[in-house]
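Beneath this line is the structure, given in structure tokens, with notes to follow.
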Amino acid sequence: MSEEQDWRARLNGRRVVASISGGKDSAALGLWLLEQGIEHERVFCDTDWEHPDTYAYLRGPLTEKLGPIRELQSAGMVAGIRAHGMFPSRGRKWCTDELKLAPFRAYLGTLDDDVVNATGVRAEESDKRAALPAWEWSEGLDCESWRPLLSWSFAEVVAIHRRHGLAPNPLYLRGAERVGCWPCINSKKAEIKLLAETDPARVAEVAALEAEISERRGAPRAFFNGKTGRGTVAPIADVAAWATGRGQLVILPADESPGCWRWGLCERPSQAGTGEA
Ligand code: SF4
């Protein structure tokens, strides 16, 4: 049985719901589903914490090419931080669960059909993703997860954008390695540098939240999980200074946890750095 015969047999009239993040891989997924003539709907989980370019891209060029994209709302990142009195962290990663998985699961629960969730996850992006199967039961979403682009190369992602005359999210062209929360708690140094250099308003917003939560807690709290070279909590001012080469060492922990990327709810930077143009 060919790969196509296999997925056509598995789909067999089931309802396909595609996860759209505003990034290149999920855009490629949407284009590919259209090319294959697979009936589907598109869903975006809004954290209310995306870059303005992502909202504009999603609601503009991407919708024009793919068709309507349903936006699922959550309380939002800022409201979540205030409600928890803490930032999400590797140990308490409530952001993925509450801002993305829970709204998505709730939406899927309103559908009577047997649902397949299609995502744009690609093996090339990391060893961990390479270990994922094309089909898997998702306990988190309580449906089957399908990764039809798992074996795709970056060149194939670019090619399908070109075939359909769809430019990528402009964030990539400005140097971003990923599309997701702006910023994500697991941002890499280059991403924080881009944030610091292009969006002082968001940096100030994070700094104000840090001050607010630190005061409530009676101890320093920070958005990123990094430590300064002295081993103390690294507030965004220190992290931004370090990322732009103006400050002292900050140590960010490597993110090993399966987060949004596993379910195609956002992207992660590629290991090999081959991910973007
Ligand atoms: S992109 Fe990052 S900050 Fe946003 S929900 Fe996912 S892990 Fe949390």
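Indexing begins at 1, ligand by ligand and atom by atom, following the structure's order. Since the model is a prediction, treat every value here as computed from it, not as a measurement.
E156 and R122 are not joined by a salt bridge, as no carboxylate oxygen comes within less than 4.0 angstrom of a charged side-chain nitrogen. Using a 4.0 Å cut-off between a side-chain N of Lys or Arg and a carboxylate O of Asp or Glu, E41 and R70 qualify as a salt bridge.
At least one heavy atom of T96 lies less than 4.0 angstrom from ligand 1. Contact analysis puts R178 in contact with ligand 1, with a non-hydrogen atom separation below 4.0 angstrom. Using a non-hydrogen distance threshold of 4.0 Å, I185 registers as a contact of ligand 1.
A donor-acceptor pair under 3.5 Å links the side-chain atoms of Y57 to the main chain of A167, judged by distance alone.
Taking 2.8 Å as the threshold, C181 counts as a candidate ligand of atom 4 (Fe) of ligand 1, since one of its N, O or S atoms lies below it. Taking 2.8 Å as the criterion, C184 does not count as a coordinating residue of atom 8 (Fe) of ligand 1, since none of its N, O or S atoms falls below it.
Residue M77 has at least one heavy-atom neighbour below 4.0 Å for each of these atoms of ligand 1: 3 (S). Taking every non-hydrogen atom of K93 and a distance limit under 4.0 Å, the qualifying atoms of ligand 1 come out as 7 (S).
When heavy-atom distances to ligand 1 are checked against a 4.0 Å cut-off, E98 has no atom that comes that close, whether in backbone or side chain.
Side-chain contact, D48 with S74: no donor N or O sits under 3.5 Å from an acceptor N or O.
The aromatic rings of W146 and W7 are tilted relative to each other, their planes meeting at an angle between 30° and 60°.
Sorted by first and then second residue, the ring-ring contact (aromatic ring centres under 6.0 Å, His included) pairs involving residues 189-217 (not counting sequence neighbours) form an empty list.
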